[in-house]
2 protein chains.
Amino acid sequence: MKNDETSSTLREARQDFVSQWGAIGNAWGINRTMAQIHALLITSPEPLTTDEIMAELRISRGNANTNLRDLVGWGLIRSVLRPGERKEYFVAEKDVWKMFCIIARERKRREITPAMEILQRCRDKTRGLKSREAKDFSDQIDALQEFLRLAERILETAASSEQSKIMKLAAKLFAG
Amino acid sequence: MKNDETSSTLREARQDFVSQWGAIGNAWGINRTMAQIHALLITSPEPLTTDEIMAELRISRGNANTNLRDLVGWGLIRSVLRPGERKEYFVAEKDVWKMFCIIARERKRREITPAMEILQRCRDKTRGLKSREAKDFSDQIDALQEFLRLAERILETAASSEQSKIMKLAAKLFAG
DNA sequence: TCATATTTTCAATAAATACTGAAAATACAA
DNA sequence: TTGTATTTTCAGTATTTATTGAAAATATGA
C-alpha cells in the first residue's frame, strides 16, 4: 500500500470514528458536537485550533467555541499556547483511565450530589410521621439514599486510585 | 399532629419527590415524564392505573401510555390485573438493588455493546497500517475498547451478584 | 353478535435544545 | 494609542424531542 493510500485510509477511519462517537455520545446524553470535538482531539497527533475544528466538523464558530469551553469546563481538554502565535490550540487528555476519573468526579459533583440533597430534604419532611404509609415512604427514600451514597463512594474511590489497583480489584472480582 | 395533617404532609413530600426526581432524571438524560412516573410508582403503596397517573401528573393519555410502555420495556415496572376489573394496574420494582441490576443490564445492552462494535470496526480498518500516526490511532482505539470491556465486565458481574456480595466488596475497597 | 371499556397509535403542536453568523468584546503588537 | 487577530456573546433560526388529543384498534361482558 502506498503512503497516500495509507493516509487516506487512516483519515477515513478517523472521520468514521469521530462521527460515530458523536452518535454514541448522543445515546449517552452528551451533546453530539461536544462528543465529536472530543473524539477529534483524542485522536489528533497535534493540538488543534478552533478554525481547524470548525473546518473538520463543518460547524460554526459559535458552536465550536461553546463546546470547546464546555469540554474545558469538564477538564477533558485544555488550551495550549504556542510561543509567537496568538491562536489558542486545544489538546485532550488521552489517557483513558484519567478521562474516566475526570468524568466520574464531574458526574458525581453535577448529578449524584444534587440528587442526594433532594432525597435528604424529602427525608427530613417525613421524619416525624408515624403512619405506616409515611414509614414506607421514608424507608424507600432511605434505600435510594443509601444506594447513591454507596455509588458515590465507589466512584470516589475508583477515581482517586491508580488504574493498576482497579485492575487488581477487577481480577479478584472475576476470580469469584 | 392530626391524621389529616400527617397525610397532607406525606402527600406534599411525595409530590415534591416526584417532581424533583423528574428534574434529576432529566439531568441524567432520562425523559422527565418517565422519571416522574417511575418516582410515583416506587413510592406508591398500591398499584396505579393509567388514569390515576394521568391525573396525578396532569399529563395526557398518550404521554402516559408511551412512557408506561417504555418503563415496562426497561423492566422497571410491570402491569398487574385485578380479578373482575378490565383496567391495567402498574407496579414498580421497589428494591433499589434490583432496580440497579435492571438498569445496568439494559444500559450495557443499549449503550456499551453498540459502542464496542463501532470501535471494533474502526480498529479493523486501520489494523494493517504501519505509519506512526496509524499506530497511535489504533492504540488509542484499543485503549478505549479495553476500558469499555472492563466496564462491561464489572457491570455484568455487579448486576448478577447478590447485593450482599457487593457490600462486602465495597467494605474491602474502603479498607484500603 | 353488539355495546362499552380500555389501550394504542399518530398527525399536529408545543417545548426544549442545538446551531449559526455577525456584532461586540478582548488581547496583543507596533 | 491604533489597528488587527482572536474569542465571546447572543438574537434569530433550525432541529430534535416530548406531548396532546382524538380517532382507530382491541378486549370484554352481556
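Reminder, nothing fancy here: chain letters follow the sequence lines and each chain counts from 1.
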The residue among B/Arg69, B/Met99, B/Arg107 that forms side-chain contact (heavy atoms from CB on, under 4.5 Å) with B/Trp74 is B/Arg107
Hey, quick one: are A/Ile102 and A/Val72 part of the same hydrophobic cluster, counting side-chain heavy atoms closer than 4.5 Å, chains of contacts allowed? yes
Checking the side chain of A/Thr49 only, and the main-chain atoms of A/Glu52 only, is there a donor and an acceptor separated by less than 3.5 Å? yes
Hey, does the side chain of A/Ser160 reach the backbone of A/Glu156 with a donor-acceptor pair shorter than 3.5 angstrom? yes
Strictly below 4.0 Å, heavy-atom distances to any atom of DNA chain C: list the hits from residues 80-93 of chain B, or just say none. B/Arg86, B/Lys87, B/Glu88
Considering only heavy atoms of chain A and a distance under 4.0 Å, specify the first and last nucleotide of DNA chain C in 5' to 3' order that meet this criterion. C/dA18 to C/dA29
When you compare the protein's N or O atoms with those of nucleotides 17-20 of chain D, which come within less than 3.5 Å of each other, and at what distance?
{"residue": "D/dT19", "atom": "OP1", "partner": "B/Thr33", "partner atom": "OG1", "Å": "2.6"}
{"residue": "D/dT19", "atom": "OP2", "partner": "B/Thr33", "partner atom": "OG1", "Å": "3.1"}
{"residue": "D/dT19", "atom": "OP2", "partner": "B/Asn63", "partner atom": "OD1", "Å": "3.3"}
{"residue": "D/dT19", "atom": "O5'", "partner": "B/Asn63", "partner atom": "ND2", "Å": "3.4"}
{"residue": "D/dT20", "atom": "OP2", "partner": "B/Ser60", "partner atom": "N", "Å": "2.7"}
{"residue": "D/dT20", "atom": "OP2", "partner": "B/Ser60", "partner atom": "OG", "Å": "3.0"}
{"residue": "D/dT20", "atom": "OP2", "partner": "B/Asn63", "partner atom": "ND2", "Å": "3.0"}

Residues A/Glu152 and A/Arg149 bridged, charged N to O under 4.0 Å: no
For A/Arg123, does the CZ atom sit with more than 12 other heavy atoms under 6.0 Å from it, leaving out its own atoms? yes
Could you walk me through whether A/Arg121 and A/Asp124 pass the salt bridge (charged side-chain N to carboxylate O under 4.0 Å, His left out) test, one step at a time? CA-CA 5 Å; A/Arg121 279 210 301 285; A/Asp124 291 344; over 6 Å; no
Nearest 0.5 angstrom please: B/Leu144 CG to A/Ile42 CD1, how far?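 So the gap between those two atoms works out to 5.0 Å.
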Atom NZ of A/Lys94 and atom CG of B/Asp139: how far apart are they, to the nearest 0.5 Å?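 The distance works out to 11.0 Å.
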Check against side chain to side chain contact (heavy atoms under 4.5 Å, CB included), A/Leu48 and A/Ile37: CA-CA 10 Å; A/Leu48 300 177; A/Ile37 293 179; over 6 Å; no
